[in-house]
Amino acid sequence: MQHSSTTHTISQDSTTAHHAHSATLQSSQMDFVSSMILQLLESVDKELKDAFITIKHSLENADSATLTQTLSHISSQDKTLSIINAFTLYHMLLNIIEELNLSDSATLNALPQTLLDLKNEGYDKQDILKVLQNIAFYPVFTAHPTESRRRTFLEAHHKMSKNIRDIFTHNDSQARFELLYRLNLLWHTHLVRSEKMEILFELDNLLYIIESSIVESATQVLSDIQTLIGTSLKHSPIILGSWVGGDRDGNPYVSNEIMTKVMKTAHRAIIEMYIKKCEKLIRELSLSSDLKEPSAELLQSLQLEKEQLPSTESTLYAKEPFRAKLYLIKKKLQNRLIAINTTDSVDFTYSNSKELLSDIDMLIRSLDSLSASGLMEFYNLVLLGGFHLLRLDFREHRDVILSATSEIFCLIGLCDSDFKDMSEQKKCEILNLALSAKKLDLNTILEELSDSTRRFVGAFLRIAWAKKHISESILQSFIISMSSEPSDLLCVLWFAKQSGLWKPGKKKESKKGRAKISIAPLFETIDDLQHAKHTIKTLYANAHYQQYLLDNDNTQEIMVGYSDSSKDGGIFASNYNLYHAIADLIKLQNELPLTIAFFHGRGGSVSRGGGSLEEALLSAVPQSVCGVLKTTEQGEMISAKYLNKNIAKKNLSSTISALLKKSVNDKFCINGACEIDSQMMSLLEPISQASCVAYRKLVYEDKGFMTYFKHATPIEFIQNLNLGSRPSKRKDTQSVEDLRAIPWVFAWTQNRSILPAWYGLGSALASGNKNALKDCYANSLFFKTTIDNISQAFLKVDVEIARLYNEFVPDKTIRDRIWELIYTQYQLTLEHLLYLRGENALLDSESETRESILLRKPYLSVLNLTQIELIKKYQTCHYPQAQERLMEQIHATIVGIAQGLRNTG
């Protein structure tokens, strides 16, 4: 690999300390990280250690020539992968330290301060606590399509975090040894998994974080809420959701068998947690009936179940009723694990989690509050986990649903096979006929269906089985990707009726039925967001769908997509149209007897709806929250936000606090808090339109753009990287539309232009009234939050690095034209972000964030420069064995850059 052809000027800004105290703290931590990497290299490769020191000095002194020379020497020694590993571990340690800093400074229980703040704003405590009792935060953990690390690295991350804390706190020499030991193990471990990421591996990754951190942290937050309201909780204010095993949009690997396996695995995981909790409480609750008289209901319960106690336990617990009852609870839970797989009846078990809660509550009532504290933890744990642990969402693309509907309707004589090509009016006419007809037993037609339709129908049957045998809460939402017409939802409604997931009532007789699933359209494109209100209004006018809504407590769930809307129209148009669509739907909600529950499909990166969740909540459309927040938690942000227990608790508590503040403001509407700022909307609408035009002119209308994208980003190598189980495209085409939003963002992040996070904004802002926009930034929380999020992503852009990737674009005309557009837009965007924020340097007013980003930048450059040279070498290599080795090294750089940038996808 020859680095001589690649020139890159290292910005002096990257190494200048603007805020001495913050920089000293950061520098000392970076020095510690460097010392650990050097210790590692001393033991594995002394020559590489010298190279690492030289690279570090060249970066600190902005010495591009020495950097290039050193990287070329490393390449000639076949040590490229080693230097990639060194800098990846370097960033991994930096990430851990940042998390520890956040953990140490975090307020783990934000609720008391939020309560005080709301009281100071004029709200009564009684009213605040009433809102708090009905709050629900619903994080939905998706698969890890941008979590580039294997579980091996996640576990090591967790353990090294403890080692570093012990070193910093106690100067613990044993912890330092263990840290070096783990680094050494990781040094000899492949960064990238060699096998294809399977869905059960994704579940394994997620369950590791759930079991090691989230469950404990969430249960503590439940306890904090309980303390605040002064009474036991009736439902969990935190609902844990998942898409792993339920999201089959474009993922052929999510079979019905896999979905069932995922649901059963989650069920087993939570029951085993309960069994362990029981065993702990059995050891602790040694209270004797001679010293603590049990309640009459506990004695009666033990009398009814005494035959289930083996003679040894009966003798052992003769005067220890709490231990005896806990043993019986444990036995029922063990039988529950047997019952899920057998056709035989299992008598002594729980049929649902309410029965378990009832037993725990009985024990609590028999004790004083201090003695019952361990049981209260158990009670809150069961409130949180139920018998399902993770509430699965099911997602499928509208094309698949229409195709299955068309095939079955053709089979049963409702239409010919052209159903999906009919007009919307005709489709609705046929669906109304089908919904009025007698229920069809789907099992009777399975053998007559194509494989894809049989798979789709089978999903409804498996969901119905799981809701009956595992938990009613195992799956709730049925999400339709790329929803655009009312018929999309009516198709799902027909399948729900046939499978028993919707049992219609009769509105004329005021007889309510039962909807066991929530049918949710996912509005993802700018056009679909703009027509969302019309779609829902049309559905409400349909008699069958209106009955379904009545049977579903007059609640319509709507998912709004941040990533695909951003890919469709650019970052600002996406944010504006999401806000506008939600505002329109809130107006519709107020016109109809209907509650709209929004599900926010946010990602880790700003271009996919990332940024502070608390700020997003507080800047959301008035009355759009109403005490409930359902949102996706995606990719590497899951581990960043939840792997550390303190950070997990901080994130959960601060989100609940922001949700409480927003809900109280919306409920009581003090000082016009519930009014949408029409002046702001009018000012920003032409900005949104202009940004969309600029974005689409490049991404969709420039005929050379896809050529540029395929060559100027490492998308080819990302598509071959074993990150997630899903393919990178919905269809095997060359269009932007069919490329998934995650690899789209991931590719632009890798080449450091991060284009989806800002492109189109500069020219749009330039077309507006500068003074009016600055006033809007000062007075509109929505506009300020949007601009601030874009600014933070924008600071991570490195145009000098991005420029180097242009060398891979073979057509000079395309290369020069598109780069000129990108660079001009970059300069315009920077100019207007600085003006709006009133800064001389971007993020000057957020010194710690700025410092953290800038201190990382040069070390990321090493990985980018290495990646560029590896791609050059790959392109000139002509035999498979060498290409395979180069591919492995390129993949390692992708993982390393992702580690350094963090919120990459």
Side-chain angles (χ1 to χ4, degrees), residues 135-147 206 209-210 214 217-218 221 236-244 246-247 384 390-393 395 476-477 479 481 518 520-524 529 555-566 574-575 578-579 581-582 585-586 596-621 623-642 647-648 650-663 666 741-742 745 782 785-786 789 903 905:
I135 266 178
F137 172 43
Y138 192 163
V140 180
F141 302 103
T142 70
H144 287 216
T146 58
E147 173 55 86
L206 177 56
I209 299 174
I210 294 281
I214 293 176
S217 303
V221 173
S236 174
I238 299 173
I239 301 165
L240 302 178
S242 172
W243 273 13
V244 181
D247 179 13
L384 175 75
L390 296 164
R391 185 180 290 177
L392 196 64
D393 283 353
R395 183 169 76 137
Q476 187 66 37
S477 301
I479 300 155
S481 289
S518 177
L522 170 48
F523 297 122
E524 300 182 78
L529 284 167
T555 299
Q556 173 64 59
E557 183 176 357
I558 295 174
M559 185 173 183
V560 287
Y562 291 70
S563 53
D564 275 288
S565 61
S566 179
S574 167
N575 275 268
L578 283 160
Y579 192 95
I582 292 170
L585 287 163
I586 293 301
I596 294 177
F598 291 100
F599 178 11
H600 301 272
R602 301 164 62 90
S605 65
V606 167
S607 41
R608 299 190 58 245
S612 165
L613 190 55
E614 292 77 27
E615 289 176 3
L617 253 176
L618 296 174
S619 64
V621 178
Q623 295 186 302
S624 64
V625 175
C626 301
V628 179
L629 173 65
K630 183 177 181 182
T631 183
T632 49
E633 295 280 21
Q634 300 195 19
E636 78 279 14
M637 296 312 295
I638 298 175
S639 56
K641 292 174 70 174
Y642 296 103
I647 294 176
K650 178 258 180 191
N651 278 311
L652 291 167
S653 183
S654 60
T655 302
I656 292 280
S657 296
L659 182 56
L660 174 62
K661 187 171 184 178
K662 174 67 173 173
S663 299
D666 281 359
I742 291 169
V745 174
F782 161 70
T785 301
T786 303
N789 283 341
N903 53 342

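For the numbers below, each heavy atom of this structure counts, side chains included, while hydrogens, waters and symmetry mates do not.
- Rounded to the nearest 0.5 Å, atoms OG (Ser217) and CG (Leu652) are 6.5 Å apart.
- Separating the CD atom in Gln623 from the CD1 atom in Ile586 is a distance of 7.0 Å, to the nearest 0.5 Å.
- In terms of heavy atoms, Ile656 sits closest to Pro237 at CD1-O, 3.8 Å.
- Scored by the side chain to side chain contact (heavy atoms under 4.5 Å, CB included) test, Leu522 finds Arg395, Ile479, Ser481, Glu524, Met559 as partners (sequence neighbours excluded).
- Remark: Ile210 CD1 to Leu206 CG distance equals 4.5 Å, nearest 0.5 Å.
- Residues Pro521 and Ile558 have side chains in contact (heavy-atom distance under 4.5 Å, counting atoms from C-beta outward).
- Ser639 is listed as a side-chain neighbour of Ile209, based on a closest heavy-atom distance under 4.5 Å.
- To the nearest 0.5 Å, atom CG of residue Leu578 and atom CG of residue Leu529 are 5.0 Å apart.
- To the nearest 0.5 Å, atom CG of residue Asn651 and atom CD1 of residue Ile214 are 10.0 Å apart.
- Scored by the side chain to side chain contact (heavy atoms under 4.5 Å, CB included) test, Ser663 finds Val131, Val625, Leu659 as partners (sequence neighbours excluded).
- Judged as a side chain to side chain contact (heavy atoms under 4.5 Å, CB included), and not counting sequence neighbours, the contacts of Thr655 are Phe137, Leu613, Glu614, Leu617, Leu629.
- What you find for Leu618 and Ala658 is that their closest heavy atoms are CD2-O, 3.8 Å.
- Two residues are said to be in side-chain contact when any heavy atoms from C-beta on lie closer than 4.5 Å; His600 and Val560 meet this criterion.
- The two residues Ile239 and Ala136 make their nearest non-hydrogen contact at CD1-CB, 4.3 Å.
- Cys626 SG to Lys662 NZ: the interatomic distance, rounded to the nearest 0.5 Å, is 9.5 Å.
- In this structure Lys630 satisfies the salt bridge (Lys or Arg N to Asp or Glu O under 4.0 Å) test together with Asp393, Glu557, sequence neighbours excluded.
- Residues that satisfy the side chain to side chain contact (heavy atoms under 4.5 Å, CB included) test with Ala616, not counting sequence neighbours, are Arg602.
- Ser624 places no side-chain N or O within donor-acceptor distance of the main-chain N or O of Ala620, the cut-off being under 3.5 Å.
- Side chain of Asn575 to backbone of Thr786: no donor-acceptor contact under 3.5 angstrom is found.
- Side-chain N or O atoms of Asp247 include none that pairs as donor or acceptor with a backbone N or O of Trp243 at under 3.5 Å.
- Ring centroids of Tyr138 and Phe599 are separated by 6.0 Å or more, keeping the two rings apart.
- Annotation: side chain of Glu633 is in contact with side chain of Tyr642 (closest heavy-atom distance under 4.5 Å).
- Legend: residues meeting ring-ring contact (aromatic ring centres under 6.0 Å, His included) with Phe598, ordered by chain and number and at least two apart, are absent.
- In terms of the ring-ring contact (aromatic ring centres under 6.0 Å, His included) criterion, residue partners of Phe782 (sequence neighbours excluded) are, by chain and number, Tyr579.
- When atom types are taken as modelled, the side chain of Ser242 and the backbone of Val244 share a donor-acceptor pair closer than 3.5 angstrom.
- No side-chain N or O of Ser574 forms a donor-acceptor pair with one of Ser566 less than 3.5 Å apart.
- Ile238 places a side-chain heavy atom less than 4.5 Å from the side chain of Leu240.
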